[in-house]
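Comments concern the structure below.
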Amino acid sequence: MLFKIAWRNIWRNKMRSIVVLSSVAIGLFAGMFMIAFFQGLMKQEVDNAIETQLSHIQLHNPAFAEDKEVSALIETGGFILDQLRKNEAVKAVSGRVVTGGMITSSSTAAGVEIHGIVSGDEKNISSVAGDVVEGVYFNPGKKNEIVIGQQLAKKLAVKLHSKIVLTFQTKSGELTAGSFRIAGIFRSRNSAFDQTTVFTAFDDLALLLGTGKEIHEIAVLLKDGKQADSLAAGFKKNYPAVQIQTWSEIEPEMAMLTGLMDQMMYIIIGIILLALMFGIINTMLMAVLERQREFGMLMAIGMNKTRVFFMVILESLMLTCLGLPAGIFLTIGCVQFFAKKGIDLSAFSEALSQLGFSSIVYPQLQQSMFLPVTLMTAFTALLSAIYPALKALKFKPAVAIHKL
Amino acid sequence: MKKKVLVLCSILLPFAIVFTSFISDDPSAKDIVSKAENNAKGLSSIMEMTIQIVRPTWTRSMSVKAWSKGEHYSLMLVTAPAKDAGTLFLKRVREIWNWVPSIERVVKLPPSMMAQSFMGTDFTNDDLVKASSRIDDYTHRIAGDSVIQGRKCWKIEMIPLPAAAVVWSKVSMWIDQKDYLELRIEFYDEDNKLVNVLQCSDVKTIGGRILPCKMEMIPAGKKGQETVILYNSAVFNTTFSDDFFTTQNMKKAK
Amino acid sequence: MMYLQLAWRNMWRSRRRTFITISSIFFAVLFAILMRVMMIGIFDKMIADTVSMSTGYIQVHHSGYWENKSIDSTFEENPRLLEMLNSNKHITAWNPHLESFALASSGERTKGILVTGIDPEKENLISRLSEKIQSGRYLGNKDSGILLAQGLAEYLNLMVNDTVVLLGQGYQGNMAAGKYCIRGIAKLPIPQMNKSMAWLPMQGSRDFLNTGARYTSLSLMVSDRTQVDAVKRYLLNQIKGMSPVSGSGRADGLDYEIMTWQEMLPELDQLFQAKMAQNVIMSGILYLVIAFGIFGTILMMLNERMHEFGILIAIGMKKRILAGIVVLELILMSLTGTFLGIAGAVPLVLYFRFHPIHMGGDWARTAEKFNFSPVLQPSVDFRHFIIQGYAVLSIAVVLSLYALVKINRLKTINALNS
């Protein structure tokens with residue numbers, strides 16, 4: 001019967017109930033949206049690095065990591081490449097020849113890492129193709145083209161269609177040079193990358209290197225980035241002679257920054273829940289104060305204190321139960337909306353919009369997050385109800401009835 | 001009849017002589033450059049030179065003794081100043097080694113150092129190694145005559161072949177018509193801007209040959225900056241065995 | 001004036017009600033401040049840790065050095081300059097470097113590296129290099145030896161006490177060459193740096209490059225990230241009249257260039273700006289929760305006093321005036337709550353400042369390698385306290401205006417009967 005009373009109590013004062021209910025809903029929404037936002041953030045930052053240069057997994061000859069020796073080619077590289085292409089979990093692969101060398105223009109020279117790529121494959125795996133700001137990302141059929149970063153072009157004082165010379169060592173240790181024309185200029189988010197990486201066609205570079213069809217580096221983009229570690233372990237078993245690294249092993253700083261975000265997230269959620277708790281406590285306290293006369297009357301006609309206490313708790317419970325689904329719907333709705341549209345961070349930061357990069361975050365919610373956050377919010381809401389409920393008991397019936 | 005032929009021949013003959021001498025006296029641009037280049041490098045030699053690095057705020061001078069065999073092998077020994085004396089550079093085709101007495105080590109220059117300046121001069125290590133050939137990597141054209149240092153020269157315009165690993169879009173060379181000496185070379189970039197000038201002067205007889213004894217590499221657009229090489233003495237056509245140009249032999253050079 | 005008196009008396013008529021309302025604002029302000037200073041503190045630390053390992057907050061160079069990094073763009077050790085750095089209270093440390101590109105060689109192997117002349121003590125204060133030593137020992141001030149990065153040592157197949165040869169381009173075209181005994185090997189967390197760095201004591205580097213008493217850069221650490229621009233301006237002012245090169249004929253200080261970390265590390269600045277933008281969104285979400293909490297309290301309070309309002313209106317008080325008084329009450333309570341909130345936040349934030357939250361686990365260990373101490377520590381910039389307080393106050397005041405709406409729509413009969 002307590003249930004019935006509690007339920008009717010709720011609907012007697014719609015305003016109050018709606019406020020508490022909304023607080024719970026908003027609290028849940030806040031928590032979940034925050035997490036979705038963070039997830040979207042991390043993904044954006046990681047994806048950035050992965051798409052520009054790292055990819056999810058990279059394969060090399062173990063000797064290659066030492067000093068990028070031209071002779072450190074992947075054994076049976078072509079075979080491995082084909083196998084990876086067929087792998088279900090793999091979204092895209094690209095085989096490259098990579099070497100260090102010098103790029104020279106008529107005014108100056110710079111040390112660079114030269115990537116010989118197959119533009120068709122590389123387009124699917126690296127965002128550089130999309131980052132081309134001038135010219136094109138390779139004309140099919142044309143030989144000896146090169147694509148360089150904007151920063152580097154400035155440093156070398158060259159422009160589109162300018163000629164430059166690349167100098168590097170061949171497989172047999174001799175020094176060789178080749179002239180290339182700039183077909184495209186790109187600008188990525190990583191200016192260090194722009195300054196030190198240049199792209200040529202696989203065949204052009206391999207010809208000069210004397211490496212034929214052999215490959216230095218295989219980059220793998222997965223359909224699901226989170227599988228990177230497990231897939232890498234699998235590859236290690238299949239290709240024991242090859243060095244296999246995930247992006248976090250190649251660039252540990254990235255992994256570290258995302259770890260920082262994770263830690264921050266817990267603190268932020270904690271604060272939000274605390275704010276929620278106090279918000280609810282205050283609202284309910286006020287409500288209890290408002291219902292003094294009502295409680296007084298109930299106690300006067302014989303309801304014992306325990307029952308009153310539970311009644312209040314039950315009311316909170318019911319409101320919470322109503323509020324949670326509302327919060328969930330709100331969250332799903334907002335997340336879906338923004339997941340498509342994206343939240344443009346540069347709208348909030350003048351400095352960012354000046355940089356010219358679109359900083360769009362797409363919030364993402366993991367299913368696994370729903371339950372923990374919901375439970376935490378429910379728990380917080382109920383906890384918040386205890387103190388006001390206790391307060392309700394302190395009323396003396398006689399005084400309460402006469403309360404004005 | 002006989003008389004007519006004789007008259008005809010005697011009229012035509014002078015023209016024929018003039019005509020043939022005309023064709024045979026005018027070499028192709030490529031030939032001119034070939035001759036000049038071979039003149040400059042060509043044979044084996046032992047030379048003593050002074051290298052001056054001139055900058056707006058300082059100048060440095062070095063004395064160098066150089067042994068060369070053809071254009072592929074050479075050994076250079078720094079003889080002055082005392083601080084750097086004993087330093088050696090060995091060039092074999094496209095590779096360069098360095099011996100520094102104070103550290104008692106032979107170090108091979110890695111490819112990444114190739115574009116670095118050679119001993120602080122306006123020449124790069126790559127220039128020493130001369131990866132590209134002025135004869136094979138360009139098309140040549142005579143663009144007229146000029147007079148430089150009182151000598152009549154051909155002005156040859158050289159455009160690099162599309163596949164040539166050359167950063168210049170055009171190189172202009174003035175070659176002395178009498179002795180086939182390269183007196184002036186101008187290097188242009190793709191915007192037709194002058195980037196470097198190599199000026200050779202002070203033509204003298206040295207070691208029995210006629211050569212310009214002062215070479216100045218002047219980067220355009222950098223005021224007060226140049227590198228000057230003065231040839232003080234030279235002995236040509238010495239014979240060296242290939243063994244002379246090895247890292248083992250380097251340390252024995254004097 | 002009378003309204004103020006009425007408002008004041010109303011507040012104290014029901015202490016409970018007033019306290020509840022004030023406390024809702026109090027907590028709102030507290031949490032808003034806490035979240036903001038926590039976030040800012042974390043960003044500050046991220047920047048501080050990154051710059052301490054690399055460029056410092058500000059660097060002083062010979063003008064043009066950052067672009068061309070040529071050994072000829074060095075500047076002289078100027079006691080006046082150093083004294084100026086020492087005397088500025090915002091500069092907490094400065095660190096001289098004499099850097100150049102060189103060839104490191106051992107046996108058959110040669111590699112291009114960056115060799116940096118350091119003041120071992122000063123360097124350690126900022127980048128904690130000695131903590132990265134894996135074998136051997138750190139450099140002493142007058143040491144004749146060299147410190148190598150681990151990746152480099154491995155490539156050259158060298159260990160502590162072995163000899164490594166350095167070859168390079170010295171000052172004014174001089175050849176730089178030297179043989180050094182490896183005193184220690186340090187492991188740097190960033191693989192690229194780990195494969196290509198070496199350190200010499202300042203005198204060793206000067207001898208190698210033949211520069212005399214010169215530097216390529218001076219890195220400065222400041223007490224507070226927000227002071228960076230002010231310090232830069234101060235330095236620019238002060239160096240007028242100093243010349244980086246004696247006898248160069250210039251005494252207008254323009255031969256120096258002073259760069260901030262944002263100019264030297266644009267990526268980090270970009271990351272930082274992005275984080276600030278994210279901060280805006282996260283604060284927004286918090287404000288939403290706070291607003292609901294406050295609103296709920298206000299709503300309940302109005303509900304509770306319906307009967308009282310009904311009587312007042314019935315006896316003739318104009319609705320407008322009643323509403324005005326109630327809003328005034330709410331504003332007073334909001335102000336009180338805000339001040340108390342700011343005051344209450346102070347000890348709380350200070351506590352976390354001195355007892356920061358320690359993070360554990362794998363992440364913590366990795367972070368330490370990057371010189372990131374794995375703690376979360378709030379900023380103690382009081383401006384944030386004020387700004388957050390003001391934000392919550394504004395929210396509260398806007399919500400208070402609801403009282404106007406509610407009271408105006410009041411139906412006296414219903415009010416009397418509640």
Side-chain angles (χ1 to χ4, degrees), chain A residues 13 15-16 19-20 22-23 26-27 29-30 33-34 37-38 41 45 66-67 111 189-192 250-253 255-257 259-260 262-264 267-268 271-272 274-276 278-287 289-292 343 345-349 351-352 355 357 359 361 404, chain C residues 14 16-17 20-21 23-24 27-28 30-32 34-35 38-39 42 46 111-112 154-155 189-191 195 266-267 269-271 273-274 276-282 285-286 288-297 299-301 303-304 307-308 357 359 362-363 366-367 369-370 372 374 376:
Chain A
N13 190 330
M15 208 40 177
R16 181 182 80 224
V19 169
V20 176
S22 318
S23 294
I26 294 285
F29 166 72
F33 193 76
M34 196 70 104
F37 184 68
F38 261 96
L41 267 184
E45 279 172 17
E66 281 273 311
D67 208 38
R189 292 160 165 275
N190 187 340
S191 63
I250 301 175
E251 210 165 276
E253 312 95 87
M256 209 216 54
L257 277 175
L260 182 68
D262 265 339
Q263 308 288 348
M264 258 176 36
I267 304 242
I268 307 291
I271 293 183
I272 289 189
L274 273 174
L276 178 70
F278 282 95
I280 294 185
I281 287 182
N282 278 315
T283 305
M284 301 237 23
L285 265 181
M286 196 63 98
L289 205 64
E290 188 225 2
R291 296 163 70 189
Q292 260 192 347
I343 303 175
L345 288 183
S346 48
F348 299 100
S349 165
L352 263 189
L355 281 169
F357 284 120
S359 305
V361 180
L404 206 81
Chain C
S14 167
R16 219 176 251 150
R17 202 167 56 211
I20 293 175
T21 313
S23 79
S24 107
F27 283 112
L30 198 67
F31 290 128
L34 205 58
M35 176 149 117
M38 224 40 207
M39 300 277 281
I42 292 174
M46 179 175 87
K111 193 168 203 295
E154 274 173 14
Y155 176 73
I190 300 180
K195 287 190 200 157
E267 251 87 56
D269 190 28
Q270 196 187 327
L271 185 65
Q273 298 296 344
M276 294 301 270
Q278 293 155 17
N279 207 1
V280 172
I281 294 184
M282 295 197 273
I285 295 181
L286 183 66
L288 194 62
V289 175
I290 286 176
F292 264 83
I294 295 177
F295 190 62
T297 310
L299 205 68
M300 287 300 97
M301 184 194 81
N303 258 8
E304 200 228 357
H307 185 71
E308 170 196 336
I357 306 171
M359 302 276 106
D362 284 333
W363 179 78
T366 320
K369 288 196 223 140
F370 282 88
F372 277 57
L376 300 176

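In the text below, chain A, chain B and the rest are named by the order of the sequence lines, each starting its count at 1. Below, all heavy atoms of this structure are taken into account, side chains as well, without hydrogens, waters or symmetry copies.
For chain C, no part of A/Ile280 is nearby; none of its heavy atoms comes within less than 4.5 Å. Interface residue C/Leu34: backbone and side-chain heavy atoms are both found under 4.5 Å from chain A. If you measure heavy-atom distances from C/Val289 to chain A, the contacts under 4.5 Å come from both the backbone and the side chain. Interface residue C/Met38: only side-chain heavy atoms are found under 4.5 Å from chain A. Proximity to chain A involves both the backbone and the side chain of C/Leu288, based on heavy atoms less than 4.5 angstrom apart. Proximity to chain A (any heavy atom under 4.5 Å) is shown, for C/Ile294, by neither the backbone nor the side chain. If you measure heavy-atom distances from C/Ile281 to chain A, the contacts under 4.5 Å come from the side chain alone. Contact annotation for A/Ile281: neither backbone nor side-chain heavy atoms come within less than 4.5 Å of a heavy atom of chain C. Of the two parts of C/Leu299, only the side chain, counted from C-beta on, holds a non-hydrogen atom closer than 4.5 Å to a non-hydrogen atom of chain A.
Taking chain A as the reference chain and counting heavy-atom pairs below 4.5 Å, the highest number among C/Glu308, C/Arg16, C/Gln278, C/Met39 is found for C/Gln278. Note on C/Ser24, C/Ser23, C/Gly112: by heavy-atom pairs under 4.5 Å with chain A, the leading option is C/Ser24.
Between atom CD of residue C/Glu154 and atom NZ of residue C/Lys195 there is a gap of 10.0 Å, rounded to the nearest 0.5 Å. Here the CD1 atom belonging to A/Ile26 is positioned 4.0 Å from the CZ atom belonging to C/Phe292, to the nearest 0.5 angstrom. In this structure, CE in C/Met276 is found 7.5 Å from CD in C/Gln273, a value given to the nearest 0.5 Å. One finds the CG atom of C/Leu286 at 10.5 Å from the CG atom of A/Leu276 (value rounded to the nearest 0.5 Å). Annotation: the span from A/Ile268 atom CD1 to A/Phe37 atom CZ amounts to 11.0 Å, rounded to 0.5 Å. With values rounded to the nearest 0.5 angstrom, C/Thr297 atom OG1 is found 4.5 Å from A/Asn282 atom CG.
Annotation: side chain of A/Phe38 is in contact with side chain of C/Met282 (closest heavy-atom distance under 4.5 Å).
By the 30° and 60° cut-offs, the orientation of the rings of C/Phe27 relative to A/Phe278 is parallel.
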